[in-house]
**Student:** 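My questions all concern the structure below.
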Amino acid sequence: MSEMTSNKPYMLRAFHQWIVDNNCTPYLVIAADFPGVEVPVQFVRDGQITLNIAPSAVRELVLDNRWVEFSARFSGVPTLVRAPMPSIMAIFAKENGQGMGFDLEAPEDPDPDDTPSGDDGGSKKPSLRVVK
């Protein structure tokens, strides 16, 4: 039997759609110190950041199998936010707290073909490591 991919991106997309369909505001919780996360550090609290990802609050939202990416304004400054899927801790509705929390996954070694920026860092295969 082959190994299945993570269900986190599928659940994240489903909960996002469900929250929006119910006229609520989806909020995303990200582990801000996770490798590869790009968020405005001035809004990080206790190593995490909570962001409004409602269609009216962000532009060009991408929830693919490996990354969450969007543009938003922070204190009037347009900012690109990027987070690898393993860094996503939760999605919930602001109005009632309904949503889903996720286990924080171990960071993978970067794969040059996997990063949104397309940096060329060699041909190393991704691997998991235990973080304590």
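Side chains are part of it too, since the values below use all heavy atoms of this structure and drop only hydrogens, waters and symmetry mates.
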**Student:** For the OG atom of Ser87 and the CD atom of Glu105, what is their distance to the nearest 0.5 Å?
**Tutor:** 9.0 Å
**Student:** Applying side chain to side chain donor-acceptor pair (under 3.5 Å) as the test, list every pair that has at least one member in residues 14-33; sequence neighbours left out.
**Tutor:** Gln17-Asp21, Thr25-Glu95
**Student:** Give me the atom names and distance for the closest heavy-atom approach of Phe92 to Gly97.
**Tutor:** CB-O, 3.9 Å
**Student:** Mind checking whether Phe74 and Ile53 sit in one hydrophobic cluster, side chains of I, L, V, M, F, W, Y counted as touching below 4.5 Å?
**Tutor:** yes
**Student:** Mind listing the closest non-hydrogen atom pair of Pro40 and Ile49 along with its distance?
**Tutor:** O-CD1, 3.8 Å
**Student:** At what distance, to the nearest 0.5 angstrom, does CG of Leu28 lie from CG of Leu63?
**Tutor:** 8.0 Å
**Student:** Test of understanding: clusters of I, L, V, M, F, W, Y form through side-chain heavy atoms closer than 4.5 Å, transitively. Do Trp67 and Val62 belong to the same one?
**Tutor:** no
**Student:** Give the cluster check for Leu104 versus Val39: same hydrophobic cluster or not, with ILVMFWY residues linked at side-chain heavy-atom distances below 4.5 Å.
**Tutor:** yes
**Student:** Rounded to the nearest 0.5 Å, what separation is found between the OG1 atom of Thr5 and the CD atom of Glu3?
**Tutor:** 9.0 Å
**Student:** With side chain to side chain contact (heavy atoms under 4.5 Å, CB included) as the test, would you mind laying out the steps for Thr50 and Phe43 before giving the verdict?
**Tutor:** CA-CA 8 Å; Thr50 302; Phe43 299 104; over 6 Å; no
**Student:** If you compare all heavy atoms of Pro86 against all heavy atoms of Phe34, which two are closest, and at what distance to 0.1 Å?
**Tutor:** CB-CZ, 3.5 Å
**Student:** Side-chain heavy atoms under 4.5 angstrom apart, residues restricted to Ile, Leu, Val, Met, Phe, Trp, Tyr: same cluster for Val37 and Val29?
**Tutor:** yes
**Student:** Please evaluate residues Arg82 and Val68 with respect to the criterion side chain to side chain contact (heavy atoms under 4.5 Å, CB included), reporting the C-alpha separation (whole Å), side-chain torsions for both, the decisive distance (0.1 Å), and the verdict.
**Tutor:** CA-CA 6 Å; Arg82 291 182 175 159; Val68 172; over 6 Å; no
**Student:** Over all heavy atoms of both residues, which pair between Val58 and Ala72 is shortest? Give the atoms and the distance, please.
**Tutor:** CG1-CB, 4.3 Å
**Student:** Phe70 and Leu80: which non-hydrogen atoms are nearest, and at how many Å?
**Tutor:** O-CD1, 3.4 Å
**Student:** Validate the cation-pi geometry between Arg13 and Phe15: distance from NZ or CZ to the six-membered ring centre under 6.0 Å, angle to the ring axis within 45°.
**Tutor:** no
**Student:** Do you know which two heavy atoms are closest between Pro26 and Ile19, and how far apart they sit?
**Tutor:** N-CG2, 3.6 Å
**Student:** CE/Met11 to CZ/Phe102 distance, rounded to the nearest 0.5 angstrom?
**Tutor:** 6.5 Å
**Student:** What's the separation between atom CD1 in Ile30 and atom CG in Leu51, rounded to the nearest 0.5 Å?
**Tutor:** 5.0 Å
**Student:** Among residues two or more places apart or on two chains, list those pairs meeting salt bridge (charged side-chain N to carboxylate O under 4.0 Å, His left out) that have a residue in residues 42-65.
**Tutor:** none
**Student:** CE/Met85 to NZ/Lys8 distance, rounded to the nearest 0.5 angstrom?
**Tutor:** 7.5 Å
